[in-house]
K.L.:
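Input: one structure, supplied below.
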Amino acid sequence: LQAEAGAVAAATQEKEDADMVAAAAAAAEISQRQLMEEDKQAQHDAEVQLECVMARLLAQLAGALAAAADGEAERCRGSAEKQAQHAAEVQLGFVMERLQAQLE
C-alpha cells in the first residue's frame with residue numbers, strides 16, 4: 001500500500017511538474033509574442049520619426065534653395081539694370097555725337 005501511495009504521489013508530482021512546465025512555456029510564448037509586438041511598434045515609431053526628420057530636412061532644403069534662387073534673381077535683375085543703363089548711356093553718347101556733328 002505504501003509503495004502504491006508513493007507511486008501515486010510521484011505521479012501526482014510529475015503531473016504537477018509537467019503542468020508547471022507547460023504553464024511556464026505558455027507564459028514564455030506570450031512574453032515572446034508581446035516582445036515581438038513591442039519590437040514591431042518600436043520599429044514603426046522609429047520609421048515615422050525618420051520620415052518626420054526627412055520631411056523637416058527637405059523643407060529646410062527647399063527654403064534654402066528658394067532663398068538662393070531669390071538671391072540669384074536679384075543679382076540678375078541688378079545686372080540687367082546695369083546693362084540697360086550702360087546701353088542707354090552708349091545710345092545717349094551716339095545721339096550727342098550726331099548732334100555735335102550736325103551743329104558743326
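Note that the structure is a prediction, hence the values are computed from the model and not measured.
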K.L.:
Taking side-chain hydrogen bond (donor to acceptor under 3.5 Å, both in side chains) as the cut-off, I'd like each qualifying pair that reaches into residues 50-65, sequence neighbours left out, listed once.
P.N.:
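Non-adjacent pairs meeting side-chain hydrogen bond (donor to acceptor under 3.5 Å, both in side chains): zero.
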
K.L.:
Taking C-beta and beyond as the side chain, do Met54 and Leu57 meet within less than 4.5 Å on heavy atoms?
P.N.:
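Result no, sub-4.5 Å side-chain heavy-atom pair not found.
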
K.L.:
I'd like to check the salt bridge (charged side-chain N to carboxylate O under 4.0 Å, His left out) partners of Glu74; sequence neighbours left out, ordered by chain and number.
P.N.:
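Arg77.
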
K.L.:
Applying side chain to side chain donor-acceptor pair (under 3.5 Å), can you list everything that pairs with Gln83, at least two apart in sequence or on another chain?
P.N.:
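So Gln83 forms no side chain to side chain donor-acceptor pair (under 3.5 Å) with any residue.
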
K.L.:
Ignoring hydrogens and angles, state whether a donor on the side chain of Asp17 or Gln13 is under 3.5 Å from an acceptor on the partner side chain.
P.N.:
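The answer is yes; a qualifying pair exists.
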
K.L.:
Can you list every side-chain hydrogen bond (donor to acceptor under 3.5 Å, both in side chains) pair that touches residues 85-95, not counting sequence neighbours?
P.N.:
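Sorted pair list: Gln85-Glu89.
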
K.L.:
Just verifying a value: how many Å separate Leu103 CG and Met96 CE, rounded to the nearest 0.5 Å?
P.N.:
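Spacing of CG (Leu103) from CE (Met96) equals 10.5 Å.
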
K.L.:
Quick check: are there more than 12 heavy atoms from other residues, nucleotides or ligands sitting under 6.0 Å from CD of Glu4?
P.N.:
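At most 12 heavy atoms, drawn from other residues, nucleotides or ligands, come within 6.0 Å of this atom.
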
K.L.:
With sequence neighbours excluded, what pairs up with Arg98 under the side-chain contact (heavy atoms from CB on, under 4.5 Å) test?
P.N.:
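Arg98 satisfies side-chain contact (heavy atoms from CB on, under 4.5 Å) with Phe94, Val95 only.
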
K.L.:
Rounded to the nearest 0.5 Å, what separation is found between the CG atom of Leu65 and the CG atom of Asp70?
P.N.:
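Rounded to the nearest 0.5 Å, the CG-CG separation comes out at 11.0 Å.
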
K.L.:
What pairs of donor and acceptor atoms, side-chain ones from residues 18-40 against any protein atom, are under 3.5 angstrom apart with sequence neighbours left out?
P.N.:
residue: Asp19; atom: OD1; partner: Lys15; partner atom: NZ; Å: 3.1
residue: Asp19; atom: OD2; partner: Lys15; partner atom: NZ; Å: 3.2
residue: Glu29; atom: OE2; partner: Arg33; partner atom: NH2; Å: 2.4
residue: Ser31; atom: OG; partner: Ala27; partner atom: O; Å: 3.1

